Amino acid sequence: QVQLVESGGGLVQAGGSLRLSCAASGRTCSNYARGWFRQAPGKEREFVATISWSGGSTYYADSVKGRFTISRYANKNTVYLQMNSLKPEDTAVYYCAASKYARALVLDRPSDFGSWGQGTQVTVSS
């Protein structure tokens, strides 16, 4: 029901920063919780961060707490992932997602999300 388009990936040195963007479109797209996941080669897709449909609550994986920030602009259609103090282990394909149901709170399971972006590569060199 929600279509997502990602941008902002790239190559960065360890300790650097990147900001990922994910624009959403579709019926009442602003009423869905949003999340970021990542998948490194040979590993399962893992949760990174999520923000509630209202934008009032956020939740982060322990591995990125204090370094990554998820946020939404005033219109709530675009979600961002600000990534600071990047480490080589952050290298992965990053996917944005929208919750399966409207007015969802913070969610951290892939099965909770019904719409996914195409993914954007983030590579952190050491």
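As the structure is a computational prediction, the values presented were derived from the model and not from experiment.
Here CZ of R19 is found 6.0 Å from CD of Q82. Values are rounded to the nearest 0.5 Å. Between the OG atom of S99 and the CG atom of L107 there is a distance of 6.0 Å, given to the nearest 0.5 Å. The distance from atom OG1 of T120 to atom CG of L81, rounded to the nearest 0.5 Å, is 11.0 Å. Separation of atoms CE (M83) and OH (Y94) is listed at 5.5 Å; rounding is to 0.5 Å. Taking OH of Y95 as the reference point, atom OG of S115 lies at 15.5 Å (rounded to 0.5 Å).
With hydrogens and angles disregarded, no donor-acceptor distance shorter than 3.5 Å links the side chain of S85 to the backbone of G15. Side chain of Q13 to main chain of S125: no donor-acceptor pair is present (N/O by atom type, distance under 3.5 Å, no hydrogens or angles). Looking only at distances, a side-chain donor or acceptor of S52 sits under 3.5 Å from a matching main-chain atom of S57. Panel note: side chain Q121, backbone G9; no donor-acceptor pair is recorded below 3.5 Å.
The six-membered or imidazole ring of Y32 lies away from that of Y101, with a centre-to-centre distance of 6.0 Å or more.
R45 has its side chain within reach of W116: a pair of non-hydrogen atoms, C-beta onward, lies under 4.5 Å apart. Considering only heavy atoms from C-beta on, W36 stays 4.5 Å or farther from F47 through its side chain. Between Y80 and I70, every side-chain heavy-atom pair lies at or beyond the 4.5 Å cut-off. Counting heavy atoms from C-beta on, the side chains of V122 and T91 never come closer than 4.5 Å.
Shown here is Q118, whose CD atom has more than 12 heavy atoms of other residues, nucleotides or ligands within 6.0 Å. Heavy-atom neighbours of K43 NZ from other residues, nucleotides or ligands within 6.0 Å: at or below the threshold of 12. Within 6.0 Å of CD in Q3 there are 12 or fewer heavy atoms belonging to other residues, nucleotides or ligands.
With W53 as the aromatic partner, R72 does not meet the cation-pi criteria of under 6.0 angstrom to the ring centre and within 45 degrees of the ring axis.
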Pair R34-C22, side chain to side chain contact (heavy atoms under 4.5 Å, CB included): steps then yes or no: CA-CA 10 Å; R34 305 285 289 277; C22 184; 3.6 Å; yes
Criterion side chain to side chain contact (heavy atoms under 4.5 Å, CB included) on L86 and F68, from CA distance to verdict: CA-CA 9 Å; L86 283 163; F68 291 10; 3.8 Å; yes
CA sep, side-chain torsions, deciding dist, call: D108, T50, side chain to side chain donor-acceptor pair (under 3.5 Å): CA-CA 7 Å; D108 62 359; T50 189; over 6 Å; no
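Two different hydrophobic clusters hold V106 and V48 under the rule that ILVMFWY side chains link at heavy-atom gaps under 4.5 Å. The hydrophobic cluster containing L20 does not contain V93, counting ILVMFWY residues as joined when their side-chain heavy atoms lie under 4.5 angstrom apart, directly or transitively. Connection of V64 to F113 is not established within any shared hydrophobic cluster, with ILVMFWY side chains joined at heavy-atom distances below 4.5 Å, either directly or through further cluster members.
In terms of heavy-atom proximity, I51 sits nearest to V79 at CG2-CG2, 4.2 Å. Counting all heavy atoms, side chain and backbone alike, A14 lies closest to P88 at CB-CD, 4.1 Å. Closest non-hydrogen pair, A92 versus R38, comes out as CB-CB, 3.8 Å.
Within the structure, every pair that satisfies the salt bridge (charged side-chain N to carboxylate O under 4.0 Å, His left out) test and touches residues 110-126, not counting sequence neighbours, is listed here: R109-D112.
Residues passing the side chain to side chain contact (heavy atoms under 4.5 Å, CB included) test with K87 are R67, E89, D90, sequence neighbours excluded.
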